[in-house]
Every structure is written in structure tokens, then in C-alpha cells.
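Reckoned from all heavy atoms, side chains included, excluding hydrogens, waters and symmetry mates. In what follows, chains carry the letters A, B, and so on, assigned in the order in which the sequence lines appear, proteins first and then strands, with residues in each chain numbered from 1.
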Amino acid sequence: MRYYIALIVSKLAYYMIKLIGKDGTYFPGKLAIKICPDFLKHVKKPNIIVGVTGTNGKTTVCNMLIDILEDNNYKVLSNKKGANINYGIASTFLEAKGNEDIAILEIDERSSKLIYPYIKPDYIVCTSFFRDSVRRNAHPEYIINFINSAIPDNTTMILNADDLICSSVAPNNKHIYYAMDKLDTDLKESINIVRDIRVCPKCHSELKYEYLKYHHIGKAYCPNCDFKSPSPNYLGSEIDFNKMHMVIKNDTKISNYPLVSNSIFNTYNEIAVISLLSELKLTPNEIKNSLKKINIVETRFTKETIKGIDIITHLAKGQNPIACSRVFDYVKHESGSKEVIIIIDDVEDNLICSENISWLYDTDFEFLNDKSIKKVIIGGPRYKDNLVRLLLANIDRDKIVAIPHELDTPNYLDFNGIDKVFILHDLHATDLGFKIKSTVKDRILKEVK
Amino acid sequence: MKIEILYSEFANLFGDFANVKYLEKCLPKAKFIYTGIEDVPLFTHDKVDLIYMGPMSESNQELVINKLSKYKKEIKDNIKDNTNFLITGNAIEVFGKYIENDDGSKIDGLGIFNVYSKRNMMKRFNTLVLGNFKDIEIVGFKSQFTQMYGDNSNYFIDVVRGTGINPDSNKEGIKQNNFIATYLLGPILIVNPLFTKYLLSKIGAKDNKLVYEDELLIAYEERLKEFKDPNRNLD
């Protein structure tokens, strides 16, 4: 009875919100759960449910899955417009038409205990696990314990074999592993500040790598006992970032796929997507043809060339040391001469409180100390702290501009001899990032011959 | 000069390892010894000028307590002999009587100090801390699942804003002789240049200038202003 009251009241709320033109709010879902705490258990669901979780890459993986499935005529229910917590998922089910074939749900790791008792995904895709927001997610062990205490027994886990933390999730469930083959750029030892697993969990010996991509991601083994990375069911191989092409090896089958991104972390996301879709029995041709049409979602990445200079905006999530480290590494390895604008301060936090800047020291700003990067311009309320961090990253003082106002950052660009301008922005500074991009474009049009 | 870093393979959460990296820059001639979980700590058989340990996951706390329990006597002797210790984040809990889980079960600590901690894994406690240590104003951040109780009359910081070892206390951390332990986490030596100067003088490096001292002080003054502003929240 309570469920039906919750359903009616929350549906009314949903329609009223739609009438006033608001979108993506989780209020109807919150209302439903407040009235009926196990609302998610009773609400009608599609036949197939896929959850996507992990520290980084959830939204990218979800968006790729949705685009490919819809391109192959699946009716997809998703929470892409809304929140990835229990209220957001409840709101998503409220919006459903009831004829959907499949639900693709981005699930916040910390919401596991509020979601999985009621929603039993057929598959959960895990991207990877790293330390994240110190104030909320603490450290990976905490998150894994959270997830493991809640995941339903019958869910098939699609796990990153190159991440020893990820591959240990839900040990009693069925596991399908994906991984990436050796690249020429791989290392034997990590050069990152953060490695969230360094020693063998069995014997505490320092872990070694056959090949390592970044942080703790790679094919690992213990030199002292038999602990090692699991063997993948799906292996991304022959990866060519120039031709934008790879193959996926699955048992004896080898299939070709285009790459949607030239970054390693997004290629992991793509391999995860292909693995899940293959398990759902989409054919390689169906997946490949859809991948050709995909772009990484615009809030994450844009690229435009004006008078021969590439202007690239890229998400660099503040308070997330791994996300920012990956982006800095990506910028360093991009060809050509660059200047980099960075706006990653938590603006709201700095208005009402004072941001905990500990995460800056888990972030590899050292990657920005590269001769291809001519200037680093960092703007925001924490500019004095950011200056200290950049200096301690051994970046020359005369290459650093640290200023309080984000929108002033483009004024310090010097386009002489520059091939690329990167604008790296926090998730909540996406609009600011686009405004800065617009100013950069105007300056290039006026000043560059 | 010898500086021993305990268990850096996992006692390195929340940017705390920057404390070690910063000391390496300020003390280029010092020898930094990284003691792993299966190693015998250097301080058990050799003189060390500073022992550092940072925060870690809950399961690693138990592992560390287990390993260090063999060396309780050596730890107590070093504290008595005025060896410098800097212990940050939840590493402080290792030295207490016990850590109590949500379900009431207890993990014995080293029992060196008459304090104990209680975990609440469903509630992450975050706060700024502004306080005084001698004539030095200290600024820092806490982010933790635990609160500490018991006798810390031998405290480190007199808290002006924020909390001490628990929300009902205004005394943060433990200081006995040159043993300093605090729940403050992150790059506290970078964020508190005046305290870092004090620490360097204690370990015999008084004349060493801080690396990028001017810039550190400017950032410190800005943070002090923010922390003192009553219109700014603690979290």
C-alpha cells in the first residue's frame, strides 16, 4: 500500500517539476523513498539491469553503453540526466515508460548499501578504484568494503583485471575480466605519487609488474608467492593511437574496433564497454559500427582548431588526485608545444569554508614540468596554495602564473610558437571552462596571423 | 641525520607523504630510511633523529599494531629519550589502548598512551582545526571515521576553532617529550611553515631555511585569515 502511495505522490511531483521546466532533479525519487523506504524493490524494472561503478569513468562508460545500445534499437532506461545515488535511481524508474529493454545505471560507490538490497543488477561493470574525495570516500579499502557488503550474489561482475583492487571486488560472484595488453609506453615501475596497492595482500612483498600503465594499473605479480593479476576474458590489444584502432581478443576470437579516444584511461573504458556488450550478445560488427559514431561526452572533452592552434577543454575533477594526474600525464604526452590553463578549485567550498588542499599533494603536478609545456596558468581562490604546489613540483617560477580569478587566465597566454592550449577544468567549472575557451578563441582570431 | 619513515607502502593516505618529500627538499644531506612492514625498524637498534608515520586504512592499522607490538619497549624508550616522532592522521590511534569497532569489538593498540578510539564507519567526520602550539598558530584538516577519548592532558594543540580529539574536547593530539601525534592530516609541514621550522630546530637542523619559505608563509597567512573568519564553516 505504501508503495502505491509513494508511486502516486512521486509521479505527481515528477510531472509538476516537468511542467515548470526543471530536469535532472532527484526530488521525486527522494519523495518516493521517504514515503516507502523499499520503493526500489517494488518499482517496475526492465528485464536486464546493468550497474556501472568505480572511482572514475562511470559516466563515460554509461554514456557509451547507452549510445551503442540505442543505436542497435534497444530501448534504454538510464540515469544519465540525474544523480547516481538511490534517489536519482528511484527518479529514473519513475520516469520510465515501462517498455524499456534494459537499464544502464551509473551507481555511486557509496550508495551501494542503499541500492543493491533492492535492485539486483544482472551485471555490474567496475572501471577501477583509487583514492578519491578524502572527505567522502576516504580510501579504496573503505569503498570496496562498502560495495562487497551489498552486491547481490547472482550479479556477474565485469572487472578490470589490470586493477588488483577492482579485480578483488565481490570474490564469490561470477567474474568476467577485461584488460589492456602491453603498450610501448608502459613502465616497469610506477612514477606516480599514488599507488593504492603496493604490496602483495598475501605476503606483503613489494608487487612487481610485467607492464604498468599508471598508478597501480597494469599486469602485476608477487615475486614471492603466487599472487598475480587475473587473466582477462577480453584483452584490448594491438592498440594504435595514431590509426585509432585496436583489437579485442576473447578466447580464440579476435575482433577489430575503432578507438573513441587517444587516452589510455578512456581506452580502458571502451574495453569495459565492449566486454559488457559482448556478454549481452551484441556482435562485434554491431558494436564497431556504433563506436564509429561516438564522441566522448562534451562536458569531458572538446577540441577545436583555430588558425592552426588546438584549443582543448578537458575535465580534471578537483579533489580527485587520480583524475587530475591522468589528465596532466595526457597533456604532457600530447605532441607539440603547449600552454595549460587549470581551474580546479572547489569554488563553493572556498566561499563557505576553506578547501582541504591535501589532495593536491597526491596529484602528479610533476607531469606539468615538461619542456613541451611553456606555461601553466592556474586560476582560482586557492591560487597561493597552487603556486606552492607547482613550485614543489619543480616547475620553473617563470613558467607559472597563479591568479585569483579564473576568467583572467586567458589573458596570460602567449601564442608564439604554441600548437595547443589546454583548458583543464573541474566538473563544476565546466561553464567557466567554456567561457575561457571562448576568450581564447577570440584572442587567437584577433592576434594570430 | 637519520629520518625513518614507517610503512610508507600504505601509511601514505591523503597527501601526507608530501611531509616526507618536503623534508627531503629541506634536508638534502639527511638520510631517509623507508622501513617496510616486514622490516625491523631502525629505531629499535640505532639512533634516529625523526620517526614519521602517516595515516592508513583500518585493516592496515591492525597490521601495524601487530608488527609494532614487538617493539613497545623500544618505542617507550625512544619517547623517554626525546627521540622526535611525527605521527599524523589516524596513525595516532595505533599508540592508544584500543580501537573499538562499530559492533563493539576491540582491537588492542600499543597501549603507550591512555587513550582509546571509537570507529563509526558510516559517518565521516570532517573539520578544519585552528589552534595553538606554544606560540605557533597551527592550521589543519581532519577527515576521519573515529573519535578519541581518554587522557590527553599531554596534548599537542590548544584548539581555538574545530575540535580536539573528539567534538567535546578542545585539546588535539598527543605530545610527550618530542613525541607528537595528531589527527591533522595531509601536508601539515607545508601548510604550517612555522611549525616546520620548530620541528627542524628540534631535529638539529635549525639553520636550514625552508624551501620556498616565502610562498609557504603567504599561503599560511591566507589560510590563517580564512580559519579565523567566523563566517566560514568548519566543514
Trainee: Under the side chain to side chain donor-acceptor pair (under 3.5 Å) rule, collect the residues that match up with A/Lys208, sequence neighbours excluded.
Mentor: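 Expected list: none.
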
Trainee: Looking at chain B, which one of A/Asn356, A/Leu360, A/Val388 has the largest number of heavy-atom pairs inside 4.5 Å, strictly under?
Mentor: A/Asn356

Trainee: In terms of heavy-atom proximity below 4.5 Å to chain B, should A/Arg389 be classed as side chain, backbone, both, or neither?
Mentor: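 Neither the backbone nor the side chain of A/Arg389 comes within 4.5 Å of chain B.
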
Trainee: For B/Leu13, is it the side chain, the backbone, both or neither that has a heavy atom under 4.5 Å from a heavy atom of chain A?
Mentor: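 For B/Leu13, backbone and side chain are both near chain A.
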
Trainee: More than 12 foreign heavy atoms under 6.0 Å from NZ of B/Lys118: is that the case here?
Mentor: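 No, the 6.0 Å shell around NZ holds no more than 12 heavy atoms from other groups.
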
Trainee: On the 0 to 90° scale, with breaks at 30° and 60°, tag the A/His139-B/Phe14 ring pair as parallel, tilted or perpendicular.
Mentor: tilted

Trainee: Identify which of B/Glu215, B/Glu38, B/Arg223 forms the greatest number of heavy-atom pairs closer than 4.5 Å to chain A.
Mentor: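 Among the listed options, the one with the most contacts to chain A is B/Arg223.
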
Trainee: With chain A as the partner chain, list the residues of residues 159-174 of chain B whose heavy atoms fall under 4.5 Å from it, by residue number, and write 'none' if nothing qualifies.
Mentor: none

Trainee: Check whether A/Arg131 gets within reach of chain B through its side chain, its backbone, both or neither, counting any heavy atom under 4.5 Å.
Mentor: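 Answer is side chain: those atoms of A/Arg131 sit under 4.5 Å from chain B.
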
Trainee: Where on B/Tyr22 is there a heavy atom nearer than 4.5 Å to chain A: the side chain, the backbone, both, or neither?
Mentor: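 Side chain only.
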
Trainee: Could you look at B/Glu226 and say if it's the side chain, the backbone, both or neither that has a heavy atom under 4.5 Å from chain A?
Mentor: side chain

Trainee: Is it the case that the side chain of A/Tyr142 and the backbone of B/Met121 share a donor-acceptor pair, with hydrogens and angles ignored and the cut-off at 3.5 Å?
Mentor: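 Side chain of A/Tyr142 to backbone of B/Met121: a pair is present.
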
Trainee: Does A/Asp362 use its side chain to pair, donor to acceptor, with the backbone of B/Gly15 at less than 3.5 Å?
Mentor: yes

Trainee: Given the options B/Gly36, B/Gly186, B/Ala219, which has more heavy-atom pairs under 4.5 Å with chain A than any of the others?
Mentor: B/Ala219

Trainee: Highest number of heavy-atom pairs under 4.5 Å with chain B: which of A/Arg382, A/Glu141, A/Arg198?
Mentor: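 Of A/Arg382, A/Glu141, A/Arg198, A/Glu141 has the most heavy-atom pairs under 4.5 Å with chain B.
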
Trainee: When heavy-atom pairs shorter than 4.5 Å are enumerated against chain B, which of A/Leu351, A/Leu391, A/Thr363 gives the highest number?
Mentor: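 Heavy-atom pairs under 4.5 Å are most numerous for A/Leu391.
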
Trainee: Among B/Asn60, B/Leu234, B/Val211, B/Ile190, which has the most heavy-atom pairs under 4.5 Å with chain A?
Mentor: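 Result: the option with the highest number of such pairs is B/Ile190.
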
Trainee: Indicate the atoms forming the closest heavy-atom contact of B/Phe141 with A/Ser354, along with that distance.
Mentor: CE2-O, 3.7 Å

Trainee: Could you look at B/Ile37 and say if it's the side chain, the backbone, both or neither that has a heavy atom under 4.5 Å from chain A?
Mentor: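 Just its side chain gets close to chain A.
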
Trainee: Flag yes if more than 12 heavy atoms outside B/Tyr34 fall under 6.0 Å of its OH atom; otherwise flag no.
Mentor: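 Atom OH in B/Tyr34 is packed in, count exceeds 12.
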
Trainee: Quick one, B/Arg124 and A/Val134 - any side-chain contact, counting heavy atoms below 4.5 Å?
Mentor: yes

Trainee: So, do B/Asp235 and A/Arg135 sit near enough that their side-chain heavy atoms are less than 4.5 Å apart?
Mentor: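 B/Asp235 vs A/Arg135: side chains touch.
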
Trainee: Do other residues, nucleotides or ligands put more than 12 heavy atoms under 6.0 Å from A/Lys113 NZ?
Mentor: yes

Trainee: Between A/Leu387 and chain B, with a heavy-atom cut-off of 4.5 Å, which part of the residue counts as in contact: side chain, backbone, both or neither?
Mentor: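 It is the side chain, since no backbone atom gets that close.
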
Trainee: Heavy-atom distances under 4.5 Å only: say whether A/Phe146 touches chain B with side chain, backbone, both or neither.
Mentor: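 Side chain only.
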
